[in-house]
Enquirer: 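Structure below; questions to follow.
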Amino acid sequence: MDFTKEIATLIYAAANDTALSIESIVEMIEIPPNPEMGDYAFPCFKFAKAFRKAPPIIAKELCETINHGEFVSDIVANGGYINFFMDKACFAREVLQEIAQKGASYGKSTVGCGQNVLIDYSSPNIAKPFHVGHLRSTMIGNALYNIFNFIGYTSVGINHLGDWGTQFGKMIVAYKKWGDKETVEQEGVKELNRLYVKYHDAAKEQPSMDDEARSWFVKMQTGDDEALQLWKWFTDVSMIEFNKMYERLGVTFDSFAGESFYNDKMEAVVAELKEKHLLVESDGAMIVDLEKYNMPPCLILRRDGGTLYPTRDIAAAFYRKNTYDFSKCLYITALDQNLHFAQWFKVIGEMGYEWEKDLVHIPFGLVSLDTGKLSTREGNVVLMDDLLNEAVAKAANIIDEKNPSLENKQQVAEKVGIGAIVFNDLYNSRIKDVLFSMDKMINFEGETGPYVQYTHARASSVLGKASKVEGSTAQAIDYQLLTDESSVGVFKLLAQFNEKVVDAAYKYEPYIVTRYVVDLAQAFNRFYNENNILNCGDENLKQARLAVVDAVKTVLASGLTLLGIAAPDKM
RNA sequence: GUACCUGUAGCUCAGCAGGAUAGAGCAACGGCCUUCUAAGCCGUGGGUCGGGGGUUCGAAUCCCUUCAGGUACGCCA
């Protein structure tokens, strides 16, 4: 039930104004800052000019002509606003019945039906460790993937792996000089990264190594067996570890087509650019001029003819458009790549493709450590494994202290510890810079992942105890018993779920779901503290309140799932 | 130099396709467990929304300007 639309329809019928539509009224409807003022409000200020009347007079006159309909108990003019009071029992019934009936599907919609949304996220570099710098792209992308699916789109998750380039030439040189098979197999990425760092130190003294590295990369490009075998092996070793991390984080992809995949697809892009007379020579390199957009030129080919980052992204965009016919293609990367995306998006436009408008860069703020910028090469990183392990260890300690008899302690600690980190990552607008803080990330109190999980576990616990005692007695619920302020507060939030998810998708902002889930948890905890459920002494009241608990549990679980966070029943 | 991002309570941030007294968490202080998980709940204090102009019946929200912090600007990705 969409109450906003219900009210808009009532207003529309009363207003009798051809300039208005139900949709435009829906957009004008607000929720008053204070529930005592009403449940929904319609501001009349905008009509002052057209009607040549003061807003309070318009509100008063219109107010008297609006039909109450099925769900509205009272309509009051207040200043320039018309305030609507819902019939609380009806409201409770509509919300609870819909959630009980739809379960985990509650809040879903079909607004994106038949449309593919591609999401390019995570995209780590092979042979480099997975560290906190990769967390944001991975989790924002994952959450958007879930959110778009939830409102009817078909999400396609793409991990555009950094699996090609001169750095592999360097890796081969380093491996042949200092590496051995056993250590790499045992230590994995850690050893590969050690070799890579060692290479850079050595190359400072001995620049001839760079020539060697370049020639190995040329061998890779020309299909040399030894070079390709080593490259493939480095990739496999890295992927084993990345996949473990993705499994731990609960993140999946539909495609791992990375840089190497587009190797043979760039030539066609260069040819098309030439054919369309967009390619211009400049200082020996080939560029697309973007002067008219007030942007620096986009580099397509190096002086030596080699391709560049934009060349590959353009080739990938064509491949994706042809393969998936996306209605949107999202790139989840840090804000510092803003110009890069703006430039090559324009190149697509210059080539005459209208789907330039469907390419969207979704930037997020920079992550830094208190010791400065993140840098794998300089060793200024916090590894994801270390971060997750620390969070899980803390969760395990708290469980030992608060709930020592809990079964499956370790599994629950894993869910709670990782949940805390993911939640923290999705708590603010993407664009905010982040100064990494271990203490903050593994905080379990206040507006945190564990807080919401805990609320969910509480709800589960009450439901479990209720069904143990008497099983499900499917009796009719008396919704008149659920008209107290804390219950209504819960229903209002439950009714907003779909709207919030759509807003999150529209703005590409998972935090809207994160904050929603916190608000719902807060409203429920208030309800829980004010109303005794199992021992309230009245069977009808108990059944009614259990229905609230059940609905909240369902929606909290849905919300957490959208964010990529587990919702344990006990903790 | 040019462009982009950010600036709201001591800290971290919501609120910004304009609307009713600017909200939350943390931190501080004070209450609440013989009853459903206290990872919780309730309460108190704390803000010239970076500064200055403008548009408007109305501006944290839109426009201009200015200051501060961050980032990017050709052969890495």
Side-chain angles (χ1 to χ4, degrees), chain A residues 27-28 30 32-34 37-38 41 43-46 48-49 54-55 78-81 83 123 125 160 162 164-167 259 282-287 294-310 312-313 333-340 342-343 363 365-366 368 395 398-399 401-403 406 416 420 424 427-429 431-435 437 440 443-455 457-466 511-512 514-515 518-519 521-522 524-536 542 545-546 549 570-571:
Chain A
E27 285 186 17
M28 288 173 75
E30 301 170 9
N34 184 336
M37 296 169 145
C44 300
F45 304 93
K46 289 199 168 72
K49 267 196 183 141
N78 183 349
Y81 291 91
N83 291 331
S123 309
N125 287 326
H160 193 252
W164 200 252
T166 33
Q167 72 267 29
E259 289 171 2
S282 166
D283 290 337
M286 299 305 276
I287 64 163
N294 195 23
M295 274 184 219
C298 184
L299 262 75
I300 302 295
L301 292 176
R302 290 189 305 219
R303 194 172 313 185
D304 65 5
T307 56
L308 286 150
Y309 187 28
R312 198 165 288 113
D313 272 349
T333 82
L335 175 64
D336 58 8
Q337 295 192 37
N338 223 343
L339 180 60
H340 161 73
Q343 285 176 311
L366 269 59
S368 56
I398 293 179
I399 291 169
E401 179 193 317
K402 308 213 179 216
N403 198 355
L406 181 69
V416 173
N424 178 270
Y427 180 63
N428 291 331
S429 342
I431 203 70
K432 299 282 180 185
D433 286 341
V434 176
L435 180 62
S437 156
K440 192 167 283 178
N443 177 29
F444 292 180
E445 277 160 35
E447 297 182 359
T448 63
Y451 169 76
V452 179
Q453 289 175 318
Y454 175 74
T455 307
R458 259 182 162 178
S460 300
S461 170
V462 172
L463 292 170
K465 284 187 178 161
Y511 86 85
I512 291 172
T514 315
R515 301 277 174 147
V518 168
D519 288 343
Q522 281 174 337
F524 177 75
N525 280 321
R526 199 176 134 219
F527 168 87
Y528 177 94
N529 269 275
E530 284 181 12
N531 302 306
N532 200 316
I533 301 158
L534 297 177
N535 306 313
C536 63
K542 179 173 144 187
R545 286 180 177 166
L546 280 171
V549 178
K570 289 180 182 170
M571 63 185 270

Enquirer: For the residue pair Asn443(A) and Thr448(A), confirm or rule out a side-chain donor-acceptor distance under 3.5 Å.
Expert: no
Enquirer: In Watson-Crick or G-U wobble terms, both distances under 3.5 Å, what is the partner of rA17(B)?
Expert: none
Enquirer: Looking at rC41(B), I'd like to know if its phosphate oxygens (OP1 or OP2) sit under 4.0 Å from a side-chain N or O belonging to Tyr451(A).
Expert: yes
Enquirer: Tyr309(A) and Gln337(A): side chain to side chain contact (heavy atoms under 4.5 Å, CB included), yes or no, with the steps?
Expert: CA-CA 11 Å; Tyr309(A) 187 28; Gln337(A) 295 192 37; 2.4 Å; yes
Enquirer: Val462(A) has a side chain; which of rA72(B), rC36(B), rA38(B) sits nearest to it?
Expert: rC36(B)
Enquirer: With hydrogens left out and only the distance checked, is there a donor-acceptor pair under 3.5 Å joining Ser282(A)'s side chain and the base of rG74(B)?
Expert: yes
Enquirer: Where the side chain of Phe45(A) is defined as all heavy atoms beyond and including C-beta, which of rC57(B), rC73(B), rA20(B) is the nearest nucleotide?
Expert: rC57(B)
Enquirer: Return the nucleotide paired to rG58(B): Watson-Crick means purine N1 to pyrimidine N3 with N6-O4 or O6-N4, wobble means G-U with N1-O2 and O6-N3, both under 3.5 Å.
Expert: none
Enquirer: How would you list, by chain and number, every residue that makes a side-chain contact (heavy atoms from CB on, under 4.5 Å) with Leu339(A), sequence neighbours excluded?
Expert: Met295(A), Pro296(A), Gln343(A)
Enquirer: Among the nucleotides rC36(B), rG74(B), rC13(B), which one has an atom lying closest to any side-chain atom of Asn535(A)?
Expert: rC36(B)
Enquirer: Just how far, in rounded Å, is P of rC5(B) from CG of Asp336(A)?
Expert: 14 Å
Enquirer: What's Asn531(A) touching, base or sugar-phosphate or nothing? Going by heavy atoms closer than 4.0 Å.
Expert: base
Enquirer: Is there a side-chain contact between Asn525(A) and the phosphate of rG40(B), meaning an N or O under 4.0 Å from OP1 or OP2?
Expert: no
Enquirer: Considering only heavy atoms and no angle criterion, is a donor-acceptor pair shorter than 3.5 Å present between the side chain of Asn83(A) and the base of rA20(B)?
Expert: yes
Enquirer: Are any of Tyr511(A)'s side-chain N or O atoms less than 4.0 Å away from OP1 or OP2 of rG15(B)?
Expert: yes
Enquirer: Picking from rA20(B), rG74(B), rC73(B), which would you name as closest to the side chain of Pro297(A)?
Expert: rG74(B)
Enquirer: Give a yes/no on whether any side-chain N or O of Arg458(A) is located under 4.0 angstrom from OP1 or OP2 of rA38(B).
Expert: yes
Enquirer: Could you measure between the two C1' atoms, the one in rG47(B) and the one in rC42(B), and give it in whole Å?
Expert: 24 Å
Enquirer: Counting side-chain heavy atoms from C-beta on, which of rC75(B), rA77(B), rG40(B) comes nearest to Arg312(A)?
Expert: rA77(B)
Enquirer: Please give the distance between the C1' atoms of rC64(B) and rU44(B) as a whole number of Å.
Expert: 42 Å
Enquirer: The side chain of Gln337(A) is closest to which nucleotide in this list: rU71(B), rA77(B), rG74(B)?
Expert: rA77(B)
Enquirer: Looking at rU35(B), does its base get a donor-acceptor pair with the side chain of Asn532(A) below 3.5 Å?
Expert: yes
Enquirer: Give a yes or no on whether the backbone of Leu366(A) and the side-chain of Asp433(A) come within a donor-acceptor separation of less than 3.5 Å.
Expert: yes
Enquirer: Where each residue is assigned the nucleotide of RNA chain B containing its nearest heavy atom, which of Ala41(A) and Asn403(A) is assigned the position nearer the 5′ end?
Expert: Ala41(A)
Enquirer: Considering every strand and a 4.0 Å limit on heavy-atom distances, what is the contact class for Arg515(A): base, sugar-phosphate, or nothing?
Expert: sugar-phosphate
Enquirer: Between Lys432(A) (NZ) and rG70(B) (P), how many Å, whole number?
Expert: 16 Å
Enquirer: Counting heavy atoms from C-beta on, name the nucleotide in rC41(B), rC5(B), rG74(B) closest to the side chain of Asn529(A).
Expert: rC41(B)
Enquirer: By nearest atom, which of the nucleotides rC5(B), rA77(B), rU12(B) is closest to the Lys440(A) side chain?
Expert: rU12(B)
Enquirer: OP1 or OP2 of rC76(B) sitting under 4.0 Å from any side-chain N/O of Arg302(A)?
Expert: yes
Enquirer: Between rA20(B), rC13(B), rG40(B), which nucleotide gets closest to the side-chain atoms of Glu30(A)?
Expert: rA20(B)
Enquirer: How close do Asn532(A) and Arg545(A) get, heavy atom to heavy atom, and via which atoms?
Expert: O-NH1, 2.7 Å
Enquirer: Please tell me which of the listed nucleotides, rC41(B), rA20(B), rG74(B), lies nearest to the side chain of Ala285(A)?
Expert: rG74(B)
Enquirer: List the residues meeting side-chain contact (heavy atoms from CB on, under 4.5 Å) with Ser282(A), not counting sequence neighbours, and say none if there are none.
Expert: Ile287(A)
Enquirer: Can you tell me how far apart CD1 (Ile398(A)) and CE (Met571(A)) are? Round to the nearest 0.5 Å.
Expert: 8.5 Å
Enquirer: Which whole number of Å gives the distance between the C1' atom of rC36(B) and that of rG31(B)?
Expert: 22 Å
